Asks: 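Just passing along the structure, written as structure tokens.
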Amino acid sequence: MSFRNYKVPYPTEERYSRKVAYFSMEFAIHQPLKIYSGGLGFLSGSHLRSAFELRQNLIAVGILWKYGYYDQARNQDQSLQVTWMEKNYSFLEDTGIKFQITIHDHPVWVKAFYLNPETFKSAPLFLLSTDLPENDYVSQTITHRLYDANVATKVAQFILLGVGGAKLIDELNFQPEIYHLNEAHGISAAFYLYQKFNQSLPELRKRLVFTTHTPEEAGNEKHDIFLCHKMSYFCGLSVEETKKLIGNDEDLFNHSLAALRLAHIANGVSKLHGDVSRKMWGKYDNICPIISITNAQNYRYWSDKQLYRFMEEGNDTHWEDRKKYLKRRAFELVADQTGKIFDADIFTIVWARRFAGYKRADLISRDKQKFEKLLSSIKHPVQIIWAGKPYPMDYPAINDFNNLVHLSKQYKNVAVLVGYELTLSKRLKQGADCWLNNPRVPREASGTSGMTAAMNGAVNFSTDDGWIPEFAHHGNNSFVISKADYLNMNTQEQDQYDLEMLYKLLEEEVLPLYYDNHDTWRQIAKNGMRDVRFQFESNRMAHEYYELMYAVPPKVVLPTVSKTEEVSGQPI
């Protein structure tokens, strides 16, 4: 097929006819395509699946990472080993499109590959690669590793996604009405479009929308503006012209702030995160309105349909049998990796997501006395599984992972798994009775893993952060550690309070319900399945993007936060 004058290869719904180009550094669409690291990719993957299901006129642009994020393996002592393996994908199509962009005043060849919508039932996805014989070795390495630790390489990756993605859209002659940046990694596209539209800021702004995903410092990239200029980030603009355009006289280029000033609307990824974002960015002038569109996950891909069928039929016996089967199947992976045989009749806690300090993977293990008591209980036995990938250069997070590995060696009922990608994620959610989530409030923007856990009959047990305030009814569909006066606590006091409440709820409510009143426990799990089904399903989210973000002018506009408004909450 020809990719010139490209059109979405299926009839689109009239209400979703506006052409959209969606840019993201990572997409978790299906296990075989390993171009993602964590939650951002899981979100964008579900978004593309729902755009396909709803027949939206949306195409996506990403990067074809030769070595993916990394492969999580083990050293001899079972600790984490970071490995890099070349990936090959026979299901991707060569578009025949090849073009040049400028990086570091040097022409770099870019080739575009295509994921056909029918392959994984997702919206059309174009993936860019510089791993071409026409390029020198340094240019080839731009698309080797997702989130490369080298600063210059990372900036080059951002240029490739933004400028390369925008130029690809021109090569396709797709002519989108909206360019949607999923995080600020692709903001270099704005400078390309600014030049394309004859340096008309209004023409640029009306086409650009932005999703901010995190209040974490590491998630809001900043780089030396002179380095970015030297790398050809600003598409021919001088440093002075760039500063004037983005309204920032500092020598540190803040990618997210630039996106908020160049887009006409942005969104946080939960109601709470939208509020945190408005307060966080409110000290800056001239940012666009920030609304909330809560993240969601694709029901068709993630949910166990038999569990839902038995729930709808009111057949508790079959529901229980199915859940036990799913647990046994997940426990085969535990046995394979660790040599430990877990029991499907025992209450199983799973903590599985990206390892990062604020997510506090090891929180439940910090009180050694209570942890020992929990794991040795005969009346209310417990099994715990951890899994997740730290960033390969985040040594504190890797240390946390390895400490849990060594801790697990002391217990038959504790396991730490490697290879946390889409398939393992799905299996662990199916195998969990309790999905544990304990980030420091308010530092988790959304935390969507709990949504897909609920779709598989796991009960959320969480601190009150991210999407949880919109979903949770304590004791009815989940268990929630109620907020304390975190503003007047230091980090250690906050961690101690959350730890004490975690054990209090576990010992007094969660475990007694599971073992002594299992009918009620099952109902809580089913309530979670019911409540997550539509409100936190990505078809709702994809619809809201068209309704609230892609309409011009947007249908919902909130006032920007006053520069003088006090920023509350924990230090960001």
Side-chain angles (χ1 to χ4, degrees), residues 37-39 69-83 147 149 216 218 330-331 333-340 342 348-377 381-421 424-425 428 431-432 434-440 443-444 447 449 461-463 465 481 490-503 506:
S37 70
Y69 183 44
Y70 70 94
D71 291 285
Q72 191 182 28
R74 296 184 190 269
N75 295 310
Q76 279 188 323
D77 66 350
Q78 300 288 308
S79 60
L80 184 144
Q81 180 185 89
V82 173
T83 60
Y147 303 131
E216 282 298 293
F331 295 166
L333 301 177
V334 175
D336 181 48
Q337 283 202 30
T338 69
K340 297 179 181 182
F342 277 22
T348 302
I349 299 170
V350 177
W351 188 103
R353 56 188 50 77
R354 181 171 64 89
F355 269 67
Y358 76 93
K359 294 177 184 283
R360 302 184 298 189
D362 65 341
L363 183 66
I364 195 173
S365 71
R366 291 184 189 176
D367 188 320
K368 302 302 181 188
Q369 186 175 356
K370 289 183 177 178
F371 188 66
E372 181 69 35
K373 179 184 175 184
L374 177 71
L375 291 174
S376 61
S377 173
V382 168
Q383 298 166 152
I384 303 178
I385 302 170
W386 276 281
K389 284 185 174 182
Y391 179 67
M393 299 300 173
D394 184 352
Y395 297 110
I398 290 172
N399 189 58
D400 287 343
F401 183 92
N402 288 338
N403 285 341
L404 289 171
V405 168
H406 296 311
L407 179 68
S408 71
K409 295 176 182 178
Q410 304 171 32
Y411 303 96
K412 292 182 179 180
N413 49 344
V414 177
V416 181
L417 305 187
V418 296
Y420 189 68
E421 296 172 353
L424 182 58
S425 177
L428 289 181
C434 169
W435 191 257
L436 182 60
N437 176 51
N438 43 239
R440 288 192 191 103
R443 298 178 67 179
E444 186 68 86
S449 66
F461 183 16
S462 180
T463 51
D465 203 7
I481 296 171
N490 60 36
T491 299
Q492 291 74 25
E493 290 169 338
Q494 182 176 1
D495 288 359
Q496 186 60 35
Y497 167 81
D498 289 342
L499 176 59
E500 290 174 0
M501 288 300 297
L502 188 157
Y503 271 101
L506 198 57

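Computation of the quantities below employed the complete heavy-atom set of this structure, encompassing side-chain atoms and omitting hydrogens, waters and symmetry-equivalent molecules. None of the values given here were measured: they were computed from a predicted structure.
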Asks: Search all heavy atoms of Trp435 against all heavy atoms of Ala352 and return the closest pair with its distance.
Replies: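 Result for this residue pair: CZ2-O, 3.2 Å.
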Asks: Quick one: which residue pairs count as a salt bridge (Lys or Arg N to Asp or Glu O under 4.0 Å) with a foot in residues 386-406, not counting sequence neighbours?
Replies: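 For residues 386-406, and leaving out neighbouring residues, the salt bridge (Lys or Arg N to Asp or Glu O under 4.0 Å) pairs sorted by first residue read Lys389-Glu421.
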Asks: Just how far is it from atom CD of Gln72 to atom CZ of Arg74, taken to the nearest 0.5 Å?
Replies: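 Nearest 0.5 Å value for the CD-CZ distance: 8.0 Å.
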Asks: Please list all pairs passing the side-chain hydrogen bond (donor to acceptor under 3.5 Å, both in side chains) test where one or both residues lie in residues 410-419, with sequence neighbours left out.
Replies: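 Of all non-adjacent pairs touching residues 410-419, those that pass side-chain hydrogen bond (donor to acceptor under 3.5 Å, both in side chains) are Glu372-Tyr411.
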Asks: Are Val334 and Leu417 close enough that some pair of their side-chain heavy atoms sits under 4.5 Å apart?
Replies: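 Yes, side chains in contact.
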Asks: Taking the side chain as every heavy atom from C-beta outward, state whether Thr338 and Ser408 have any pair of such atoms under 4.5 Å apart.
Replies: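 Result no, sub-4.5 Å side-chain heavy-atom pair not found.
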Asks: Quick check against the 3.5 Å criterion: does Thr463 have a side-chain atom that pairs as donor or acceptor with the backbone of Pro439?
Replies: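 Here the side-chain-to-backbone pair exists.
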Asks: For Tyr420, which residues count as a ring pair (Phe, Tyr, Trp, His ring centres under 6.0 Å) partner, sequence neighbours excluded?
Replies: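 Expected list: none.
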Asks: Looking at side-chain heavy atoms only, is the closest gap between Asn437 and Arg353 below 4.5 Å?
Replies: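 Side chain of Asn437 against side chain of Arg353, heavy atoms only: contact under 4.5 Å found.
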Asks: Identify, with sequence neighbours excluded, every residue that meets side chain to side chain contact (heavy atoms under 4.5 Å, CB included) alongside Glu500.
Replies: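 Partners of Glu500 by the side chain to side chain contact (heavy atoms under 4.5 Å, CB included) criterion, ordered by chain and then number, come out as Gln496.
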Asks: Go through the structure and list residues passing side chain to side chain contact (heavy atoms under 4.5 Å, CB included) with Ala335, not counting sequence neighbours.
Replies: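 With neighbours one apart ignored, the set is Ile341.
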Asks: Any pair with a residue in residues 357-367 that passes salt bridge (Lys or Arg N to Asp or Glu O under 4.0 Å), sequence neighbours left out, goes on the list, sorted by first then second residue, please.
Replies: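 Listed once each, the pairs are Lys359-Glu444, Arg360-Asp495, Arg360-Asp498, Asp362-Arg366, Arg366-Asp495.
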Asks: With heavy-atom distances below 4.5 Å as the criterion, would you say the side chains of Tyr70 and Pro390 are in contact?
Replies: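 In short, these two side chains touch, coming nearer than 4.5 Å.
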Asks: Holding to side chain to side chain contact (heavy atoms under 4.5 Å, CB included), I want the full list of residues that pass it with Lys409, two or more places apart in sequence or in another chain.
Replies: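 Side chain to side chain contact (heavy atoms under 4.5 Å, CB included) check on Lys409 returns Asp77, Gln78, Val405, His406.
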Asks: Could you tell me whether the side chain of Asn75 reaches within less than 4.5 Å of the side chain of Asn402, counting heavy atoms only?
Replies: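 Sidechains of Asn75 and Asn402: no contact.
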Asks: Kindly give the heavy-atom pair with the smallest separation between Arg440 and Gly357, and that separation in Å.
Replies: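 Of all heavy-atom pairs spanning Arg440 and Gly357, the closest is NH1-O, 3.9 Å.
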Asks: How about Phe461 and Asn438: do any of their side-chain heavy atoms sit closer than 4.5 Å?
Replies: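 Phe461 does not reach Asn438 side chain to side chain.
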Asks: Could you tell me which residues satisfy side chain to side chain donor-acceptor pair (under 3.5 Å) with Trp386, sequence neighbours excluded, listed by chain and number?
Replies: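 For Trp386 there are no side chain to side chain donor-acceptor pair (under 3.5 Å) partners, ignoring immediate neighbours.
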Asks: Checking side chain to side chain contact (heavy atoms under 4.5 Å, CB included) for the pair Ile385/Phe342: CA distance, chi angles, key distance, verdict?
Replies: CA-CA 10 Å; Ile385 302 170; Phe342 277 22; 3.6 Å; yes
Asks: Would you compute the distance between atom CG of Leu374 and atom CD1 of Ile349 and round it to the nearest 0.5 angstrom?
Replies: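 Going from CG on Leu374 over to CD1 on Ile349, the span is 5.5 Å.
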Asks: Ignoring hydrogens and geometry, is there a side-chain-to-backbone donor-acceptor pair from Thr348 to Gln383 under 3.5 Å?
Replies: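 Not a single qualifying donor-acceptor pair exists.
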Asks: I'd like to check Leu506 versus Val382 (side-chain heavy atoms, cut-off strictly below 4.5 Å). Are they in contact?
Replies: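 When only atoms from C-beta onward are counted, Val382 and Leu506 do not touch, as no gap falls below 4.5 Å.
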Asks: Using 0.5 Å steps for rounding, measure from the CG atom of Leu80 to the CG atom of Leu404.
Replies: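 So the gap between those two atoms works out to 12.0 Å.
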Asks: Would you give the length of the straight line joining atom CZ of Phe371 to atom CG of Leu407, rounded to the nearest 0.5 angstrom?
Replies: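 Rounded to the nearest 0.5 Å, the CZ-CG separation comes out at 4.5 Å.
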Asks: Grab the two heavy atoms, one from Val418 and one from Ala73, that are nearest each other, plus how far apart they are.
Replies: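 Looks like CG1-O, 4.1 Å.
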Asks: What residues form a ring pair (Phe, Tyr, Trp, His ring centres under 6.0 Å) with Tyr69, not counting sequence neighbours?
Replies: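 Not a single residue meets the ring pair (Phe, Tyr, Trp, His ring centres under 6.0 Å) criterion with Tyr69.
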Asks: Name all residues meeting the ring pair (Phe, Tyr, Trp, His ring centres under 6.0 Å) criterion together with Tyr147; count only those two or more places apart in sequence or in a different chain, and write none if there are none.
Replies: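 Here the qualifying residues are His185.
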Asks: With sequence neighbours left out, write down each residue that passes side chain to side chain contact (heavy atoms under 4.5 Å, CB included) with Leu333, or none if nothing qualifies.
Replies: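 Partners of Leu333 by the side chain to side chain contact (heavy atoms under 4.5 Å, CB included) criterion, ordered by chain and then number, come out as Leu424, Arg427.
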Asks: Suppose we screen for ring pair (Phe, Tyr, Trp, His ring centres under 6.0 Å). Which residues come up paired with Tyr503, at least two apart in sequence or across chains?
Replies: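 Tyr503 satisfies ring pair (Phe, Tyr, Trp, His ring centres under 6.0 Å) with no residue once adjacent residues are dropped.
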Asks: Is the shortest side-chain heavy-atom distance between Leu375 and Ile384 below 4.5 Å?
Replies: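 A side-chain contact exists here, since the closest heavy-atom pair is under 4.5 Å.
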